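Report on the following structure.
Fair warning: this is a prediction, and the values are worked out from it, not measured in the lab. Residue numbering restarts at 1 for every chain, and letters A, B, ... go by the order of the sequence lines.
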Amino acid sequence: METAVKKELSILACKVRMGILEGVYNAKCGHPGGSLSIADVLTYLYFREMHLDPQNPAMENRDRFVLSKGHAAPALYSVLAVKGYFPVEELKTLRKMDSRLQGHPDMKHIPGVDMSTGSLGQGISAACGMALAAKASGADYRVYALMGDGEQEEGQVWEAAMLASHYKLDNLVAIVDNNGLQIDGKLEEVCSPEPLDQKYAAFGWHVIQIDAHDLDAIEAAFKEARTVKGKPTVIIQHSVKGKGVSYMENNVSWHGAAPNTEQYEVAMTELKAALAALQ
Amino acid sequence: MMAEVIKKATRESYGEALAELGEKYKNLVVLDADLAAATKTGIFKKKFPERFFDCGIAEANMMGVAAGMATAGMIPFASSFAMFAAGRAFEIVRNSIGYPHLNVKIGATHAGLSVGEDGATHQCCEDIALMRTIPGMVIINPADDVEAKAAVEAAINYQGPVYMRFGRLAVPVINDKDTYRFEIGKGIELVSGNDLTIIATGLMVGEALSAAETLKSEGIHARVINIHTIKPLDQEIILKAAKETGLLITVEEHSVIGGLGSAVAETVCEGYPVPVYRIGVQDQFGKSGPALEVLKAYGLSAENIVETTKKALANRK
């Protein structure tokens, strides 16, 4: 990746992280940990990978994105706002009465949201349907679905994985945010879905593993996915839950808790410093 | 006399309607979960193989796939047995189809006790109750071949999720193809009468008609209303019947909890309270046996409608 592009994307990812904090802090609840871990890949998708137009969110031939781990809505809303789908200021209304920024993504009211999600395991099925519809109608859009690693414990994910492979959905890219933590603790202590790479390979998928916070690796993975024919691709991204806010990193207690004012100030100071260093 | 009456299972009507309407509606696609031979979507598959998608024995995923296809402008008919379409996949139907109000049509066959020999695990008597609780879900339970086919086309022309309930058992064709008109949410008065009203749905409409004939021969004039759309319910026709006849008997091949009987009772409780007797499955599981025998054993017969009517009239006096 060119240095200038990388710098631009890094700045945008930092802004996306600030938007996540802004939303969750003002809501006094929400899911910061798993939102921060996907900020880099979302930034790449919305600013480099996907064909879309914030001025025309329903554009017929746009690429689709499904946030199957819907609880990471603060990250999706933030990247949509930074991309220009709605004002960044609106992120402060997250989860509040009469806000369109529902606790989990609501496609009926939020421009740019392609599927309502929140109940784990369901988004990937809808993404399969979108990819299948493209195949059936000859449309050339691509479909991206982002799941959690804990979400892999849902049986529906594997029903979808089977179907995607059966119908050779090479226009579908699934991303698994492998931060290793779920609400009750570490995946390996709760009810481990690992080894995910071997499971997806056995289900007939092309598997790519990357460092979730390395933009070069992210770019290489999506470029590789475009070359894969006859099968869907899964990118297992090894991420740090809470990435970018020191005290949240790898700490499961930040899965579903909002920072208080003091913690918010610390987090924003860190992110502002990171931003300043990039600029 | 019913001797000349043609009998046909509404699942057959469903498969035939899909195949027929597939010509006219090019964005109609059909999904099934390894039951195409039983749900009769196989008829569509044969004609339009490129628009038929078998999802394997995975109903939850099928509903999600249908939702995704609907977002892309297709009209997916997701088909399975009622037990799995409404039961197993309930939460996916609620969250991935109902909440975003997507244009998915659910074709649920083998509903109710008339599945027969397969027994309780496959005799779904809870699907209407489940689907009624989903905001914006339309529920259609056709009575015969003519109504089932009309329902499929009406579902296509309606923008939003529709749950359609079809049976396995061949039942008499009671509606006249040429004069019949189907409108979502509009009940149909089949027999006029002012002594009481029998409100029936699905396969029980035929039984209600024969019960009314028997009652008539004994001097009791029952009004018979066919409620093919459970939701949105035709409250007007029900409240009118409550006012004019003062006694309602509901008949459904479904649990009396949450189905037509509940919906009618809720309506008259708030609108015009009169006694409501609910004939249906009385909070029980079904059992194996020939369909007609099972239905009879659970009181889903013209005989029981007649008996219940007489008891209800006696109680009123």
Q: Any pair with a residue in residues 227-236 of chain A that passes side chain to side chain donor-acceptor pair (under 3.5 Å), sequence neighbours left out, goes on the list, sorted by first then second residue, please.
A: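 Qualifying pairs: none.
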**Q.** Test item: A:Ser37 side-chain N/O and A:Lys241 main-chain N/O as donor-acceptor pair under 3.5 Å
**A.**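 Looks like no, no N/O pair under 3.5 Å.
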Q) Are any side-chain N or O atoms of A:Lys199 and backbone N or O atoms of A:Glu194, one a donor and one an acceptor, separated by less than 3.5 Å? A)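 Looks like yes, one N/O pair under 3.5 Å.
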Q | chain A contact via B:Leu31 - side chain, backbone, both or neither, heavy atoms under 4.5 Å | A |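 Neither; nothing under 4.5 Å.
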Q) Given that the side chain runs from C-beta out, which part of B:Ala72 has a heavy atom under 4.5 Å from chain A: side chain, backbone, both or neither? A)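 Contact with chain A is through both the backbone and side chain of B:Ala72.
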Considering distance alone, list the donor-acceptor pairs between chain A and chain B shorter than 3.5 Å.
unit_1: A:Lys108; atom_1: NZ; unit_2: B:Pro100; atom_2: O; d: 3.4
unit_1: A:Ser119; atom_1: OG; unit_2: B:Glu91; atom_2: OE1; d: 3.2
unit_1: A:Ser119; atom_1: OG; unit_2: B:Glu91; atom_2: OE2; d: 2.4
unit_1: A:Gln122; atom_1: OE1; unit_2: B:Ser96; atom_2: OG; d: 2.6
unit_1: A:Gln122; atom_1: NE2; unit_2: B:Glu91; atom_2: OE2; d: 2.8
unit_1: A:Ser125; atom_1: OG; unit_2: B:Asn61; atom_2: OD1; d: 2.6
unit_1: A:Glu159; atom_1: OE1; unit_2: B:Asn61; atom_2: N; d: 3.0
unit_1: A:Tyr167; atom_1: OH; unit_2: B:Asp54; atom_2: N; d: 2.9
unit_1: A:Tyr167; atom_1: OH; unit_2: B:Asp54; atom_2: O; d: 2.8

Q) Of the backbone (N, CA, C, O) and the side chain (C-beta and beyond), which part of A:Ala127 lies under 4.5 Å from a heavy atom of chain B, both, or neither? A)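 No part of A:Ala127 comes within 4.5 Å of chain B.
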**Q.** Shortest non-hydrogen contact between A:Val24 and A:Pro32, atoms and distance
**A.**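 What the structure gives for the nearest pair is CG1-CD, 4.1 Å.
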(Q) Is the ring pair B:Phe44/B:Phe48 parallel, tilted or perpendicular, if the boundaries are 30 and 60 degrees? (A)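 Ring orientation, 0 to 90° scale: tilted.
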(Q) Tell me every residue that passes side chain to side chain contact (heavy atoms under 4.5 Å, CB included) with A:Ala126, counting only those two or more places apart in sequence or in another chain. (A)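 Applying side chain to side chain contact (heavy atoms under 4.5 Å, CB included) to A:Ala126 gives A:Met115.
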Q) For A:Asp197, what residues pass the side chain to side chain donor-acceptor pair (under 3.5 Å) criterion, not counting sequence neighbours? A)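 For A:Asp197, the residues satisfying side chain to side chain donor-acceptor pair (under 3.5 Å) (neighbours in sequence not counted) are A:Gln209.
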